[in-house]
**Q** 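Please find one structure pasted underneath; my questions will follow.
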There are 2 protein chains.
Amino acid sequence: MRNLVSCCPIEEVMQILSGRWPTLLIYYLQQGTKRFNDLRRDNPTISHKMLAFELRKLEHAGIVLRTEFESYPLRVEYALTPAGKRLVPLIDALGDWWEATDGNAGEQDGNAADIVDFGQSEHV
Amino acid sequence: MRNLVSCCPIEEVMQILSGRWPTLLIYYLQQGTKRFNDLRRDNPTISHKMLAFELRKLEHAGIVLRTEFESYPLRVEYALTPAGKRLVPLIDALGDWWEATDGNAGEQDGNAADIVDFGQSEHV
DNA sequence: CGGTATCCTCGGAGATACTG
DNA sequence: CAGTATCTCCGAGGATACCG
C-alpha cells in the first residue's frame, strides 16, 4: 500500500528533516562516528544550543545513536543507526533529483525551473 | 559522483521542501489539478498568505505549474510539473522509510548496548 | 477569485554563562 | 568536553484589508 505520498507519515518525517541542519548532520555522520565538537567543526555556523537540540531530535527519531563514555573529560560519540543509514540513500535521491531538474531547467515550458534563489547556500 | 548525500544540492532541496506545507501541497496536487481555493479547502489550517507564498516557491523551484485563465472572476490552476511528478515517489519513499522504522520504534535503543564496552583510552 | 501589502505577535534561535 | 538554562531579539507567519 501507501505507494502514494501518504499524508501522515510524510508530515512526521518532515518534522524531523525540516530545517537547515538535520540533513547536513546526517551527511556528516554518514562519514563516520563523530563527537559533539567534531560536528561543530564540520558545521561552524550552527550554534552550540542548536546542535544539541538537533542531535537530540535525531536521536529520538531513531536516526542517530548517542554513546556516552565515562571518561573525563566527558566524551560522547554520535553515529547513524541502521535506520539512519537506510535514510541516507533516500536523502541522496532528493539531491540527485534536484541536480537533474536543475540541469534541465526550462524543460517545463520555458518559464519555470529557474534557479531558486532563496537564502544563502553554503558549500562545505 | 554524488552517490552520497551530496551536501549542496540537498541543502537547496531542503530549502524548498522544509516546513509543514510543501510536501502536503505536493501530495494534494498529485491528486490532480487544483485551484487556489481547492488547496485551501484541502488544507484548512494554512493561511491565505502562506499558501500563496508556498505555491510561488514551488513554482519557482519548477515543481508546480501555475496557469492563469483570463476569465472573470479570475481563475488560476495549479498542477505538478513533470519534475514535480518525479519528485513524488522520492517523498513517498521517505514516508515508507518512516513507517518502517516507526513500526520498530525502539529498535535502536536495544543495540545501543552494542557499544556498552568502551574503549577507554582517550585523551581528547 | 487570486494575490499583495500592512501590521502585529509569538516563538525559534543566537549569545552567554553555568554544571557535571 | 558535552549539555542545560536564561535572556534576548529578530523575523516567520497569522489576521486583516485592499487591488486586478
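Small disclaimer: the values here were computed from a predicted structure and weren't measured. Just so we're on the same page: letters track the sequence lines, and every chain starts at 1.
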**Q** Would you compute the distance between atom CH2 of A/W21 and atom CG of A/L39 and round it to the nearest 0.5 angstrom?
**A** 11.5 Å

**Q** With a 4.0 Å cutoff (strictly under), does any side-chain N or O of B/R35 reach OP1 or OP2 of C/dG2?
**A** yes

**Q** If I take atom CD in residue A/E59 and atom C1' in nucleotide D/dG3, what distance separates them, rounded to the nearest angstrom?
**A** 12 Å

**Q** To the nearest 0.5 Å, what is the distance between CD (A/E68) and CD (A/E77)?
**A**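 The CD atom of A/E77 is 11.5 Å from CD of A/E68, to the nearest 0.5 Å.
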
**Q** Restricting to non-hydrogen atoms, name the atom on B/L87 and the atom on B/L17 that form the minimum distance, rounded to 0.1 Å.
**A** CD2-CD2, 4.2 Å

**Q** Rounded to whole Å, how long is the line connecting atom CZ of A/F53 with atom P of D/dT6?
**A**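 Rounding to the nearest Å, CZ of A/F53 and P of D/dT6 are 17 Å apart.
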
**Q** C/dG3, OP1 or OP2 - any side-chain N/O from B/R66 closer than 4.0 Å?
**A**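 So the side-chain polar atoms of B/R66 do come within 4.0 Å of the phosphate oxygens OP1 or OP2 of C/dG3, strictly under.
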
**Q** Could you walk me through whether B/M14 and B/I10 pass the side chain to side chain contact (heavy atoms under 4.5 Å, CB included) test, one step at a time?
**A** CA-CA 6 Å; B/M14 291 313 290; B/I10 269 301; 4.2 Å; yes

**Q** Flag the pair B/E54 and B/K57 as a salt bridge only when some basic side-chain nitrogen lies within less than 4.0 angstrom of an acidic carboxylate oxygen.
**A**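 Counted as a salt bridge, because a side-chain N and a carboxylate O are separated by less than 4.0 Å.
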
**Q** 5'-most contact on DNA chain D: A/V76 or B/E54, nearest heavy atom basis?
**A** A/V76

**Q** Rounding to a whole Å, what distance do you find between B/K34:NZ and C/dG2:P?
**A**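 One finds 13 Å between P of C/dG2 and NZ of B/K34, rounded.
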
**Q** Determine the contact category for B/F69: base if any of its heavy atoms lies under 4.0 Å from a base atom, sugar-phosphate if only primed atoms, P, OP1 or OP2 are that close, otherwise nothing.
**A** nothing

**Q** Once rounded to the nearest 0.5 Å, what's the spacing between atom CE of B/M50 and atom CG of B/L25?
**A**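 These two atoms lie 9.0 Å from each other.
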
**Q** Tell me the bend of the helix from C/dC1-D/dG20 to C/dG20-D/dC1 as the angle between end helix axes, each from five pairs, rounded to the nearest 10 degrees.
**A**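 Computed from the C1' atoms at both ends, the axes differ by 50°.
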
**Q** Quickly, which of B/R41, B/R40, B/R35 forms a salt bridge (Lys or Arg N to Asp or Glu O under 4.0 Å) with B/D38? Name it, please.
**A** B/R41

**Q** Specify the separation, in whole Å, of atom OH of B/Y72 and atom P of D/dG20.
**A** 11 Å

**Q** What nucleotide among D/dC1, D/dG3, D/dG13 has an atom nearest to a side-chain atom of A/F36?
**A**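 Taking heavy atoms from C-beta onward, the closest nucleotide is D/dG3.
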
**Q** Can you tell which of D/dA2, D/dA15, C/dG2 lies closest to the side chain of B/K49?
**A**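 Closest nucleotide to the B/K49 side chain: D/dA15.
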
**Q** Could you tell me the separation between the OG1 atom of A/T33 and the CG atom of A/L80, rounded to the nearest 0.5 Å?
**A**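 One finds 8.5 Å between OG1 of A/T33 and CG of A/L80.
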
**Q** I need the CD-P distance between B/E77 and C/dG3, as an integer number of Å.
**A**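 Going from B/E77 (CD) to C/dG3 (P), I get 12 Å.
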
**Q** Starting from P on D/dG11, measure out to CZ on A/R20 and report it in whole angstrom.
**A**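 Distance check: A/R20 CZ to D/dG11 P gives 14 Å.
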
**Q** Is there a side-chain contact between B/R40 and the phosphate of C/dG2, meaning an N or O under 4.0 Å from OP1 or OP2?
**A** no

**Q** In whole angstrom, what separates B/E70's CD from C/dG3's P?
**A** 13 Å

**Q** Does the base of D/dG3 carry an N or O that pairs as donor and acceptor with the side chain of A/H48 under 3.5 Å?
**A**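 Present.
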
**Q** Roughly how many Å is it from CE in B/M50 to P in C/dT9, rounded to a whole number?
**A**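 The answer, rounded to whole Å, is 20 Å.
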
**Q** Compare side-chain N and O positions of B/R75 against OP1 and OP2 of C/dG2 and report whether any pair is under 4.0 Å apart.
**A**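 For B/R75, the contact criterion (side-chain N or O under 4.0 Å from OP1 or OP2 of C/dG2) is not met.
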
**Q** Does A/Y78 make a side-chain N or O approach to OP1 or OP2 of D/dC1 shorter than 4.0 Å?
**A** no

